[in-house]
Amino acid sequence: MDVLEGLNSAQREAVQAVKGPVLVLAGPGSGKTRVLTHRIAHLIDDYGLRPYQIMAVTFTNKAAREMVSRLEALIGSDTSRLTIGTFHAICARILRREAEHLGLSSSFVIYDTDDQRRLIKRVMKDLDIDTKQYRPVRVHGAISRAKNDLITAETYQPPSYLYEAIRRVFERYDKLKFENNALDFDDLLLKTEELFRMHEDVRQHYQGRYPYILVDEFQDTNKAQYELVRWLAAEHRNVFVVGDEDQSIYSWRGADFRNVRRFQEDFSDAQVILLEQNYRSSQTILDAAQAVISHNRQRTAKTLWTDNSQGAPIQMFEAYDEREEAEYVATEIMRVAQESDRSLSECAVMFRTNAQSRVLEDALVRHGIQYRLVGAIRFYQRREIKDVLAYLRLIHNPDDEISLLRVINVPTRGIGAKTVGQLQSWAASLGLTPGHGLLHLSQMAKENRLSETPFKTRARRLLSEFAVLYGKLADAKHEHSLSELLKFTLEETGYLTHLRDGTEEGEERINNVRELFSVTDGYNNYTPAVALARFLEDSALYSETDEIDQDADAITMLTLHSAKGLEFDTVFIVGMEEGICPHSRALEESARDGSALEEERRLVYVGITRAKSQLYLIRTFRRTLYGASETREPSQFLRDIPTGLTTGNKVRSALARRRTAASPERSPTSGLSGRDLTRQRRAIVQRARERREVARGGGGSRDSSEHRSTGRVGNLSETKPLPSRRPVLPQKERPVVTQSFEPGDSVTHHIFGVGTVVSSKITGEDEEVTVAFEGRGVKRLMASFANLVKN
DNA sequence: TTCAATACAATTTTT
DNA sequence: TTGTATTGAA
């Protein structure tokens, strides 16, 4: 198949510019992903490159996966040798291979934001730095930003004496992290850059290995990433970067769209190709987007154009308050869906802050509209998942103190701060990390040498019990498959029992943990040790931001940030008010420096350009924020849009608004006082939520797809369960409880062997069985997990 | 050590 | 208003 077929001339040019540096400036909806995949296909099919000579960097794992599948459809040849991934994933791989050059162990774990903050807090406590004056979050931000700029603890120059404390934290944080055999997200980039800079032979190896490099979303690279690209491309200079300054919305994470300019300076012979034809939006929408973004000063002007028709005017609406706003969105969605016979999946509601989603959810539930909330609480950030992962990480890497501290008293074992402190100093006195100290302790316990330790009776007992438990888990990693290890860990630690607190939330947490098995099952082909390492790596770098299932008949609710890269037929942007969009923080900052406001404008630009044919820009007259209700001003960005492109501009009088808000057709419960109305509505939402619970929990198939993914999915009905939204691995059937156990029953467990049932009780959907195993002690097991067989 | 009361702060989040 | 982190009593 001809990979050039169906491409316009600019796209074609970009695909065929094989040699030398190329910069593609790609407007929204201009087919840049298409260009990237077709270019790779061209390199392989027509140019005769081997897949392993190409490195393609994307910004999310999801984008990488998408590119692979598109590519496979395009060329059908083997893509497994291609290097496609995020900077972080590619760097992690390189670092593990080259660990020895940096004095690292290749089994390092990767600390996420949460781990980083915990460690920073600890460091601040150690250094006796006031966490009120210096917020750990801020300190972390400062350190992370420095690292993104390739600044290390040694080269960090405190901008004022206030920052001297931060420098000290930075130094100790890095040192401790090293002792924990861990790297944080930022280190992955920083250390790889260091590797290339300090080790010429290594650098040459990778330069030779990857003569062709492609980078997507180049406007969102930070300095570290920029330098990495520079090192890699220095030899062959076949570097192809794609970006759009106008869509740079992550500067607060260290991204610097000026890298686009920098690229043109550093590679002065770069071909610059503009993709200006928009295939996505109506003329009206494109015009509005251009009108908004043209007010930014720091940008290269572009001439976006489209062959698409003028399309419908942009619908403006001022609601009385956020409830009416939500109500309006819900009724409009129903109207649009009915009139145009479109799937709900063609609709999206976007907002600046996550806090805005709640009222919307309520309205959608009331109207029975199915929705998907992107990026609520991410699966891997859930407490229960992080706890379990911390156990596995500790099993993998005993030096990981952050993980140890996380789990040492979860479930509560009576090991508090004081005992932990004793353990730390005892281990330190032996020259061990606390994790290795525990392993040592477990050995001593076996040899009856606990009296040689300084711990007092209670602490000695509790600590040694935990040490023995940990020793057992650590031993188990060599024998069992990953899923078995996970199961063993859950059983031995009693973690699931700990979660089962009788609340529905507890059940949900248990289900989440169970969901982990569907992931670990995918690693069972590897040898145990490799499986554990791979799994930890993948889970650290994997975020299922939005496994958006395009087919599900549900609308999508998401922040403007997470909307980047997506498109919808109809888009609602709510909260178009000063203080929300642009956000008040940005307004404060822009008093000193206009760039914060420019980024807010880009955010709106991104939002607008997601829409294909219909756009709604909605604001309120009055809104309750942090418990206080205040009148609001329309967003300044609305003024940028010519009135000729819009409709519904009339602002009704305050009186009329109030009447609308309480009008009979909107409120079936009219006649009630405001408070009663609220109560009534709450009851309705509550009932709808309960129905949802029933739909998910009760009866036949226990598809828990809505828990598995990042976001929540609302309004699941019995008849239409959403398909699984975690495409990573196929879901395995959970063992169903088919037996019930009586005290005295003799049972067999595949790890613990033969035992006798002591007691059994039905809890929720499961059965909790207490069994005395011969020589292995008394265990409490979940019947659905344990696969107990009656003898 | 644990749990409940209280204080406090509050964007955005590709890794 | 809401969620989380810290503090103080049992």
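This is a predicted model, so every value here is computed, not measured. Sequence lines set the chain letters: A, B, ... in the order given, protein chains first and strands last, and positions in each chain run from 1.
- Within the 4.5 Å cutoff, the side chain of Lys564(A) has heavy atoms near those of the Gln247(A) side chain.
- Remark: the separation of the C1' atoms in dA5(C) and dT12(B) is 23 Å, to the nearest Å.
- Atoms CG (Asp362(A)) and P (dT2(C)) sit 10 Å apart, rounded to a whole Å.
- The residue Glu600(A) sits close to a base: some heavy atom pair falls under 4.0 Å.
- Each of dT11(B), dT13(B), dT14(B) was ranked by its minimum atom distance to the side chain of Trp252(A); first place goes to dT13(B).
- Smallest separation of non-hydrogen atoms from Arg406(A) and Ala390(A): CD-CB, 3.7 Å.
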Give each protein N/O atom lying under 3.5 Å from an N/O atom of nucleotides 2-9 of chain B, with the pair distance.
from: dT2(B); atom 1: OP1; to: Gly414(A); atom 2: N; distance (Å): 3.3
from: dT2(B); atom 1: OP2; to: Asn409(A); atom 2: ND2; distance (Å): 2.9
from: dA9(B); atom 1: OP1; to: Arg135(A); atom 2: NH2; distance (Å): 3.1

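- Residue contacts for Arg458(A): at a heavy-atom cut-off of 4.0 Å it reaches the sugar-phosphate backbone alone, with no base atom in range.
- Using C1' as the reference atom, dT11(B) and dT6(C) are 24 Å apart when rounded to the nearest Å.
- Taking a centre distance below 5.5 Å and an interplanar angle below 30 degrees as the stacking criterion, His583(A) stacks against the six-membered base ring of dT11(B).
- In this structure a side-chain-to-backbone donor-acceptor pair under 3.5 Å is missing from His583(A) to Glu600(A).
- Distances shown here put every side-chain N or O of Tyr250(A) at or beyond 4.0 Å from the OP1 or OP2 atom of dT11(B).
- For the 3.5 Å distance criterion, the side chains of Asp256(A) and Tyr226(A) fail to qualify, holding no donor opposite an acceptor.
- Closest to the side chain of Tyr626(A), out of dT14(B), dT13(B), dT1(C), is dT1(C).
- As rounded to whole Å, 10 Å separates atom P of dT11(B) from atom CZ of Arg138(A).
- Between the side chain of Arg358(A) and the base of dT2(C), no donor-acceptor pair under 3.5 Å is found.
- With dT15(B), dT12(B), dT6(C) as the choices, the nucleotide that has an atom nearest any side-chain atom of Leu541(A) turns out to be dT15(B).
- Nearest-nucleotide mapping onto DNA chain B: of Leu603(A) and Thr419(A), the residue sitting toward the 5' end is Thr419(A).
- The nearest whole Å value for the distance from the CG atom in Asn61(A) to the C1' atom in dT15(B) is 8 Å.
- In this structure, NZ of Lys456(A) is placed 18 Å from C1' of dT1(B), rounded to the nearest angstrom.
- Thr58(A) comes within 4.0 angstrom of no nucleic acid atom, judged by non-hydrogen atoms across all strands.
- For the atom pair CZ (Arg122(A)) and CG (Leu405(A)), the distance works out to 6.5 Å, reported to the nearest 0.5 Å.
- Residues Glu193(A) and Leu228(A) come closest through the heavy atom pair N-CD2, 3.6 Å.
- Within the 3.5 Å criterion, the main-chain N or O of Arg413(A) finds a donor-acceptor partner in the side chain of Asn409(A).
- A cation-pi arrangement, defined by a distance under 6.0 Å to the six-membered ring centre and an angle within 45 degrees of its axis, is absent between Lys132(A) and Tyr134(A).
- Comparing dT14(B), dT12(B), dT15(B) by their nearest atom to the side chain of Phe59(A) picks out dT14(B).
- Among the nucleotides dT12(B), dT1(B), dT14(B), the one closest to the side chain of Ala417(A) is dT1(B).
- A donor-acceptor pair under 3.5 Å is formed between the side chain of Thr559(A) and the backbone N or O of Ser562(A).
- Residue Asn354(A) has no polar side-chain atom (N or O) positioned under 4.0 Å from OP1 or OP2 of dT11(B).
- A donor-acceptor pair is defined here as one N or O able to donate and one able to accept, closer than 3.5 Å; such a pair exists between the side chain of Glu578(A) and the backbone of Gln636(A).
- Between the side chain of Asn222(A) and the main chain of Gln225(A), a donor-acceptor pair closer than 3.5 Å is present.
- Residue Asn259(A) contributes atom CG, which lies 20 Å from atom P of dT14(B) at whole-angstrom precision.
- Between Thr353(A) and dA10(B) there is no side-chain polar atom (N or O) within less than 4.0 angstrom of OP1 or OP2.
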Checklist outcome for this item: Base-pair string, DNA chain B, Watson-Crick plus G-U, cut-off 3.5 Å on both distances, | for inter-strand, is ||||||||||.....
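- Judged by distance alone, with hydrogens and angles left aside, the side-chain atoms of Glu245(A) form no donor-acceptor pair with the main-chain N or O of Arg258(A) at under 3.5 Å.
- The distance from atom NE2 of His140(A) to atom P of dT15(B) is 15 Å, rounded to the nearest whole Å.
- Looking at heavy-atom distances under 4.0 Å, Glu588(A) makes no contact with the nucleic acid at all.
- The distance from atom CZ of Arg352(A) to atom P of dT11(B) is 10 Å, rounded to the nearest whole Å.
- Aromatic ring centroids of Tyr173(A) and His140(A) lie 6.0 Å or more apart.
- Although no hydrogens or angles enter the test, the distance criterion places a donor-acceptor pair under 3.5 Å between the side chain of Glu577(A) and the main chain of Thr620(A).
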Would you tabulate the nitrogen or oxygen pairs shorter than 3.5 Å linking the protein to nucleotides 8-10 of chain C?
none

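- One atom, CZ of Arg601(A), and another, C1' of dT12(B), lie 17 Å apart when rounded to the nearest Å.
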